[in-house]
2 protein chains.
Amino acid sequence: MRLNDLDERIVHALAEDARRSYADIGAIVGLSAPAVKRRVDRLRAEGAITGFTVRVDPAALGWETEGFIEIYCSRNTSPDAIKQGLARYPEIASASTVTGDADAVVQVFAADMRHFEQVLERIAGEPYVERTKSVLVLSPLLRRYSAEAPPA
Amino acid sequence: MRLNDLDERIVHALAEDARRSYADIGAIVGLSAPAVKRRVDRLRAEGAITGFTVRVDPAALGWETEGFIEIYCSRNTSPDAIKQGLARYPEIASASTVTGDADAVVQVFAADMRHFEQVLERIAGEPYVERTKSVLVLSPLLRRYSAEAPPA
DNA sequence: TTTGAAAAATTAGCTAT
DNA sequence: ATAGCTAATTTTTCAAA
């Protein structure tokens, strides 16, 4: 599935403000409101757009501490084994296997530093994890798209 | 800032579908549409809600290549300067200043490796960037929550 | 908070290109 | 196939009470 330039500009306008009216978006991309709606409907039907969500200040929800944990696994650990192991942690927002020194990078939201440390220790204690290296987020600068898991 | 139960349920309803009407949300939480709007307006004014965005399937948009770019900045670079500089890149999904060796971590979605390389080179050419280190995502394992809407 | 009216947005149907 | 236009319906907004 390929999206054209118009579709991408519509998605970009929605990424900035998902509650913008179709007329507003149309003014930005140069289409009428119904034309924009038709395209958005099509993008949803095709699965390119999977939904609309609210951006929240994590602190307001009590999740003050964000960080990335790099995971170094023991040999012969399959990506699926990592996935199964990490799926149990509600604090994990995203996880990916990566190139470079580490095997996987995990994004974690915790209530506070103590909570973050607990999560870190539990992950470090997983049987397939050899060691970890963590990086704390100081301040979030941009938080634009909300990517969803691809169909498994 | 503490949210009460009603506020949290409104945020939850918006997290599921940010384009829901105020009347719909009211039916869910037990308020009239204007009452819901007043609360949402207040939550935005207070900064608890920072915006509304679209959830996209990166692959469906043709963004097959994902990676993290660690940025090492020259001295005396303010977070705001980084933010301003990076805001112009549509390929950047998120950016944060972090602890550790690097100053910031940027999450990038690109069409392919060539595109990723172009973005990397442009970022590396920014005046405040001294050097970069990039890590490519091999496979996304989990993509659970919006970065700014962690589990509550 | 609720109500009621005005303004705006959404959505469907239709026609044209 | 996809655009614009128009109109019916719904939603939002801003008054009041």
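Below, chain A is the first sequence line, B the second, and so on; all start at residue 1.
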Is the distance between the ring centroids of B:W63 and B:H115 less than 6.0 Å?
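Centroid separation for B:W63 and B:H115: 6.0 Å or greater.
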
Phosphate oxygens OP1/OP2 of C:dT1: is one of them under 4.0 Å from a side-chain N or O of B:S32?
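Result: no.
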
Is any side-chain N or O of A:R39 closer than 4.0 Å to OP1 or OP2 of D:dA3?
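For A:R39, the contact criterion (side-chain N or O under 4.0 Å from OP1 or OP2 of D:dA3) is met.
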
Please enumerate all protein N or O atoms sitting under 3.5 Å from an N or O of nucleotides 6-12 of chain C, with distances to 0.1 Å.
residue: C:dT10; atom: OP1; partner: B:R19; partner atom: NH2; Å: 3.0
residue: C:dT10; atom: OP2; partner: A:Y22; partner atom: N; Å: 2.8

Do the charged groups of [X] and [Y] touch, with an N to O distance under 4.0 Å?
X: A:E126; Y: A:R122; result: no
X: A:E70; Y: A:R131; result: no
X: B:R42; Y: B:D7; result: yes

For atom [atom1] of [X] and atom [atom2] of [N], their distance in whole Å:
X: A:L31; N: D:dT2; atom1: CG; atom2: C1'; result: 10 Å
X: B:I25; N: D:dT10; atom1: CD1; atom2: C1'; result: 15 Å
X: A:L6; N: D:dA1; atom1: CG; atom2: P; result: 17 Å
X: A:D5; N: D:dT2; atom1: CG; atom2: P; result: 15 Å

Checking side-chain polar atoms at under 3.5 Å, does B:Q107 have a donor or acceptor matched by the opposite partner on B:S94?
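Side chains of B:Q107 and B:S94: pair found under 3.5 Å.
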
Closest contact, heavy atoms only, A:P79 versus B:L141:
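Result for this residue pair: O-CD2, 3.7 Å.
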
For B:H12, is the NE2 atom crowded, meaning more than 12 foreign heavy atoms sit under 6.0 Å from it?
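Atom NE2 in B:H12 is not packed in, count stays at 12 or less.
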
Does B:Y72 sit in a hydrophobic cluster with other residues, and if so which ones, taking ILVMFWY side chains as linked at heavy-atom separations under 4.5 Å, directly or through other members?
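Direct or chained contacts put B:Y72 with none.
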
Starting from the first five and the last five pairs of the helix from C:dT1-D:dA17 to C:dT17-D:dA1, work out the angle between the resulting helix axes, to 10 degrees.
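So the angle between the two local helix axes works out to 20°.
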
